[in-house]
Amino acid sequence: MLRIEADRARFREIVRGRIRSDLKRYLSTSELFARRGERAVSVPIPQIELPRLRFGDNRKSGVGQGSGERGDAVDCGEGPPGSGAAGEGPAEHALEVEVELDELAAMLGRELELPYIQPRGRHSLLSEGGRYDHIRSRGPDALRHPRRSFRQALKRTIASGLWTPEDPKVVPQRGDFRFRADRPRPLPHSSAVILHMMDVSGSMGREQKEIVRIQAFWIDTWLRSQYDQIEVEYIVHDAAAKLVDRESFFHLRESGGTKISSAYELCLSQIQTRYRPEDWNVYAFHYSDGDNWSARDTERCMTLLRDELIPRVNQFCYGQVKSAYGSGQFKKDLDDSLRGEERLVTAAVNDRGDIPDAIRAFLGKGR
Amino acid sequence: MSSAARGSLELSPALREQVVRIQALAREQGLDFPQIDFRVLDAHDVNGVAAYGGFPVRYPSWRFGMEFERLEKTYQYGLSRIYELVINTEPVLAYLVNTNSHLEQKLVIAHVCGHADFFRHNSWFAASDRGMLTRMGRHSERVRAAMEAHGQDQVEEFLDLALSVETLIDPYLPLRRRLGGGAEIPPAVPTYDVLGFLAARARLCDWQRELLELVRAEAYYFLPQRMTKIMNEGWASYWHAKLLTGGVLCDSEVIDFADCHSGATADSPGRINPYKLGIELFRCAQEQGLDIFRLRRIHNDASLIDLLVDERFVERQRLFLYGQNAKTGRTEVVERDPGRVKAKLMQDLSWGGLPQIELVGVAQGGDGALDLLHHHDGRDLELEAARATLLGIERLWHAPVRLSTQESGEPRRLVAKNGECTVEDFEPAA
């Protein structure tokens, strides 16, 4: 390894150490959430610079060169390309470091001492139609690989002593031809679906949704690291439920009454039609502030959970986010009437500080 | 084998020919420089060398890895790229980047000749160790040996402590020493060589003292480059322009040259482009009939600006003072008054651009506290960073450390004691 790569590796190790030790803080902020990419999050690392005695207002005033009247804005960005040179002042802005989601999940797992999930038994299927990244000595002409074929012919020519550098002639024979081939690939044998359900009735405010959003991010991150393939579905409800995309799930604000059973019914129909428990590990999460329209509807929810939902899922999690208006009755009802249901987990989240505990409650069973 | 040596390529015959030609032309024009050892690197490796401050043999530290990460990112995003690196050793080491066009290589070769002449003749470099490459290699061996004996974490932690005080040195010490003064070890109090004082007097184990001394040696080596950045770049740009337009360019290259040259010496609002300001300073001196060779010998950035910048220069160069608008928080042009622009420019460049910190006293007996004084010139310290730094000094010194400074015109004293740093008001002694 080049020396600079060793130092870079050391730097990255230190950064990871910082993220690990700051994970508690990240767990209750949306800092990482906002920077999520397809496979990685980029984490801004503040203050990794060594402390030094330096001026505080360096960047606020100074001498510049160019046009501009008094009061005109000055762009303090980077200089023109090419003006950078060795020995330039140290980096002033925070550096961003990419951390793979898998790695973040591992950190989360260590921090909250989460057990690994044992997926429910699945038979693994082999599918045709993988990618053509293989070579075979037999195949249709359409898949002939000219370069590999030539190489084979060349090898044979040289090995048989027929090769003369003065007259470099290679004549391919039947056995020299090589063909592209596909490799059968196993279907992802452990697939999971996450169904996030959220109460968006009038009493769920910005802060409540933010808490849900942070929790959902960490839950997704963890479950993603546990399964080969994962689908996420979002359901919102007030008096009626509907499927939405990710963006609206986090930003939608409805008003009006709350009928929780509507969400549970939609969730159930999703499971029945698209995510049959024989093929999928199913996780359902429901977040609300604990108010329901009527005791009758709560009754209906309990029945749905006991008879239909809980038997079909790996785990059903209910997170009750405290709001100014919510009574918090629903969690009590759940705990009372479904006591002893192993696959039901409930947690109360009063503020952001409770997020880690809620995540631990939800994911700590290893189910 | 070092990463640079492994990745470096020989010059192509065409480039070698240019090197011979341009060097001869430079010497004809009066530049005088030692042998220059040119190497060609790819962009990735040049970032690696630059991250080590030009010395690929340097000791291992995560900070160099961080710098590399930053250079690689800005290169990937196309924000900036390095054309060349010149190292002040003898022979001078010059790294060219293989993505430069042929024209750019010619420009860079001429530019390097300017730097090499500057390193040899500018008096601020007179005390520089020209065998620094070997010395850095030795430093690296010592750091590695310490890591082997005491563990990477412990040594790294101490190095970080040492590096956080590497700026507490006396910019004038190397010159004074050449003139026969300031050679006391430990430095006599009061002194600006706080780092030297700590290395000599702090209660440290042998390996720690050795590390502190090597950090100090490297800090003094890099110091003159910080004090002459504008001059050095200006001098090199002045000569690359002069040499290239004086016969090195073929006709078809003139436009590309103009483009490349003006790109490097363009205004960059909001901060000074050292290439631009530097070249204009030398041109201005030449117009006034001054001996530019003499100027490059005796001055540093601040003193050259003091000599040359006047009303006319500020207007012609369109220099302005910017500041933050208290209402909007926006950075904007404040004024163009030549006197104030010049004063600010000199303030920013004096003392290597760093706060002037003097060690003014060591308590005899008692707690043995160290007293530091910040010579306040209107610019406050960043107090959070100052507190963290002071805590570091306390750990090196094993006794309380006090720093007198000001905040918004009020006297303040930072006291680091028992691992905690407090800020208190105090009445400065009359």
Side-chain angles (χ1 to χ4, degrees), chain A residues 1-15 17 42 45 47-98, chain B residues 2-3 48 50-51 53-54 56 60-62 64-66 68-70 79-83 85 160 163-164 167 225 263-264 266-273 275-277 317-324 330-335 341 344-345 348 355 357 379-382 385-386 388-389 392:
Chain A
M1 185 162 46
L2 296 178
R3 285 175 77 161
I4 193 67
E5 292 295 347
D7 283 331
R8 179 196 240 178
R10 182 69 181 164
F11 165 63
R12 289 186 170 167
E13 200 179 306
I14 288 171
V15 166
S42 68
I45 308 296
Q47 285 172 350
I48 198 153
E49 280 296 326
L50 295 173
R52 290 225 157 99
L53 292 177
R54 57 170 178 256
F55 295 117
D57 61 348
N58 258 357
R59 267 164 296 166
K60 290 187 201 140
S61 72
V63 176
Q65 194 166 14
S67 53
E69 289 300 309
R70 188 195 159 102
D72 284 357
V74 177
D75 171 24
C76 284
E78 296 282 319
S83 72
E88 200 86 295
E92 292 282 351
H93 20 235
L95 209 63
E96 296 205 346
V97 175
E98 300 255 297
Chain B
S2 72
S3 70
S61 162
W62 60 269
F64 303 135
M66 177 170 79
F68 181 60
E69 187 90 42
R70 191 183 71 80
L79 290 175
S80 77
R81 62 178 263 232
I82 295 172
Y83 287 87
L85 279 178
D160 288 352
L163 288 165
S164 102
T167 54
Q225 303 193 7
D267 293 347
S268 54
R271 77 170 193 191
I272 288 294
N273 175 354
Y275 296 76
K276 164 80 173 161
L277 185 60
Q317 294 307 316
R318 301 184 301 164
L319 298 180
F320 60 81
L321 203 63
Y322 66 81
Q324 202 174 27
R330 197 173 69 149
T331 305
E332 52 190 39
V333 178
V334 175
E335 61 178 327
V341 168
K344 179 66 183 163
L345 200 50
D348 283 350
I357 309 287
R379 291 173 293 173
D380 289 349
L381 294 179
E382 194 182 314
T389 315

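Convention: sequence-line order gives letters A, B, ...; per-chain numbering from 1. Remember, it's a predicted structure, so these values are computed and weren't measured experimentally.
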How long is the gap from [atom1] on [X] to [atom2] on [Y], to the nearest 0.5 Å?
{"X": "A:Arg54", "Y": "B:Thr389", "atom1": "CZ", "atom2": "OG1", "result": "7.5 Å"}
{"X": "A:Phe55", "Y": "B:Asp380", "atom1": "CZ", "atom2": "CG", "result": "9.5 Å"}
{"X": "A:Arg70", "Y": "B:Leu321", "atom1": "CZ", "atom2": "CG", "result": "10.5 Å"}

Considering non-hydrogen atoms only, spot the tightest contact between [X] and [Y] and give its length.
{"X": "A:Ile4", "Y": "B:Phe64", "answer": "CD1-O, 3.8 Å"}
{"X": "B:Trp62", "Y": "A:Phe11", "answer": "O-CB, 3.6 Å"}
{"X": "B:Ala385", "Y": "A:Pro51", "answer": "O-CB, 3.8 Å"}
{"X": "B:Leu163", "Y": "A:Leu50", "answer": "CB-CD1, 3.5 Å"}

Check: Of the backbone (N, CA, C, O) and the side chain (C-beta and beyond), which part of B:Ile357 lies under 4.5 Å from a heavy atom of chain A, both, or neither?
Finding: side chain

Notebook entry, point to check: Non-hydrogen atoms of chain A under 4.5 Å away: do they reach the side chain of B:Val334, the backbone, both or neither?
Noted result: backbone

Check: With a 4.5 angstrom heavy-atom cut-off, which part of A:Leu53 approaches chain B: side chain, backbone, both or neither?
Finding: both

Note to self: So for A:Glu69, is it side chain, backbone, both, or neither that comes closer than 4.5 Å to the heavy atoms of chain B?
What the structure shows: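 Backbone of A:Glu69 only, per the 4.5 Å heavy-atom cut-off to chain B.
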
Next item on the list: Without swapping roles, check the side chain of B:Arg318 against the backbone of A:Gly64 for a donor-acceptor pair under 3.5 Å.
Entry: no

Note to self: Please check: side-chain N/O of A:Asp7 versus main-chain N/O of B:Pro60, any donor-acceptor pairing under 3.5 Å?
What the structure shows: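 Not at all, since once roles are kept as given, no pair shorter than 3.5 Å links the two residues.
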
Item checked: Any A:Glu5 side-chain heavy atom under 4.5 Å of B:Phe68 side chain ->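 In contact.
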
Margin query: Are the side chains of A:Asp72 and B:Glu332 in contact, using a 4.5 Å heavy-atom criterion?
Written below: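 No, too far: nothing below the 4.5 Å cut-off.
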
Check: Using a cut-off of under 4.5 Å for heavy-atom pairs, which of B:Gly392, B:Pro355, B:Gly323 has the most such pairs with chain A?
Finding: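 Between B:Gly392, B:Pro355, B:Gly323, the count favours B:Pro355.
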
Check: Counting heavy-atom pairs under 4.5 Å to chain A, which of B:Asp160, B:Val341, B:Leu277 comes out on top?
Finding: B:Asp160

